[in-house]
Amino acid sequence: MRWESIIGENLRRARKARGLSQEKLAAEVDLDMRQLGRIERGESFPSVGSLIKLAEVLGMEPAELLRRDLRQARQ
């Protein structure tokens, strides 16, 4: 699996688990909603700064967004 897809899947899963819409999350991290959508679909990498902001808003460590299987890591 490509890293873009891993980050995207982990980000989408964490966002939904916290009940946030893409619009709300994008606004909280000052990221364009279309860019957030591309990241979640695995079409784009977030910058390091965006990755850190996303993790902070989601209440997680940035490294968790890079885990190959976040579901297993959280159990």
Side-chain angles (χ1 to χ4, degrees):
M1 183 177 278
R2 298 179 354 204
W3 284 107
E4 298 97 323
S5 297
I6 292 166
I7 293 169
E9 286 180 19
N10 290 339
L11 178 59
R12 182 181 309 111
R13 193 175 297 120
R15 176 182 60 76
K16 288 184 175 186
R18 285 153 184 84
L20 293 171
S21 67
Q22 279 187 340
E23 184 176 22
K24 175 84 169 151
L25 180 57
E28 288 197 35
V29 297
D30 194 30
L31 190 65
D32 182 81
M33 195 172 80
R34 292 172 298 213
Q35 179 63 18
L36 180 60
R38 286 190 290 272
I39 294 168
E40 285 194 358
R41 289 189 303 276
E43 297 171 358
S44 177
F45 277 113
S47 69
V48 172
S50 293
L51 184 77
I52 291 168
K53 286 181 189 177
L54 287 162
E56 286 175 351
V57 168
L58 294 169
M60 56 197 313
E61 293 294 320
E64 290 181 273
L65 292 173
L66 299 171
R67 290 199 176 140
R68 289 194 185 267
D69 192 344
L70 184 57
R71 288 175 293 185
Q72 286 182 348
R74 289 291 212 175
Q75 294 175 355

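Positions are given from 1, in the same order as the sequence printed here. Computed over heavy atoms, backbone and side chain alike; hydrogens, waters and symmetry mates excluded.
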**Report entry** Lys16: partners by side-chain contact (heavy atoms from CB on, under 4.5 Å), with sequence neighbours left out
**Finding:** Arg12

Query - Leu25 and Leu58, any side-chain heavy atoms less than 4.5 Å apart - result: yes

Report task. Would you mind reporting whether Leu36 and Leu54 have side-chain heavy atoms less than 4.5 Å apart? Result -> yes

Query - Glu28, CD: over 12 other non-hydrogen atoms inside 6.0 angstrom - result: yes

Query raised in the report: Is Arg68 reaching over with its side chain to a backbone N or O of Ile6, donor-acceptor style, under 3.5 angstrom?
Result: no

Query raised in the report: Do side-chain atoms of Arg18 reach the backbone of Ala14 as a donor and acceptor pair under 3.5 angstrom?
Result: yes

**Report entry** Residues forming a side-chain hydrogen bond (donor to acceptor under 3.5 Å, both in side chains) with Glu40, sequence neighbours excluded
**Finding:** Arg15, Gln22

Report task. Taking side-chain contact (heavy atoms from CB on, under 4.5 Å) as the test, write out the residues that go with Glu43, two or more places apart. Result -> Arg38, Arg41

Query raised in the report: When clusters are formed by joining ILVMFWY residues with side-chain heavy atoms under 4.5 Å apart, either directly or through shared neighbours, do Met60 and Phe45 land in the same one?
Result: yes

**Report entry** hydrophobic_cluster_shared for Ile39 and Leu66, side chain cutoff 4.5 Å
**Finding:** yes

Query raised in the report: What pairs with Ser50 under side-chain contact (heavy atoms from CB on, under 4.5 Å), at least two apart in sequence or on another chain?
Result: Leu31, Pro46, Ser47

Report summary line: Taken in chain and number order and not counting sequence neighbours, the residues that satisfy side-chain contact (heavy atoms from CB on, under 4.5 Å) with Asp32 are Arg34, Gln35

Report summary line: Tracing side-chain contacts under 4.5 Å among Ile, Leu, Val, Met, Phe, Trp and Tyr outward from Ile52 reaches Val48

Query raised in the report: Out of curiosity, Leu51 CG to Lys53 NZ, how far, rounded to the nearest 0.5 Å?
Result: 12.0 Å

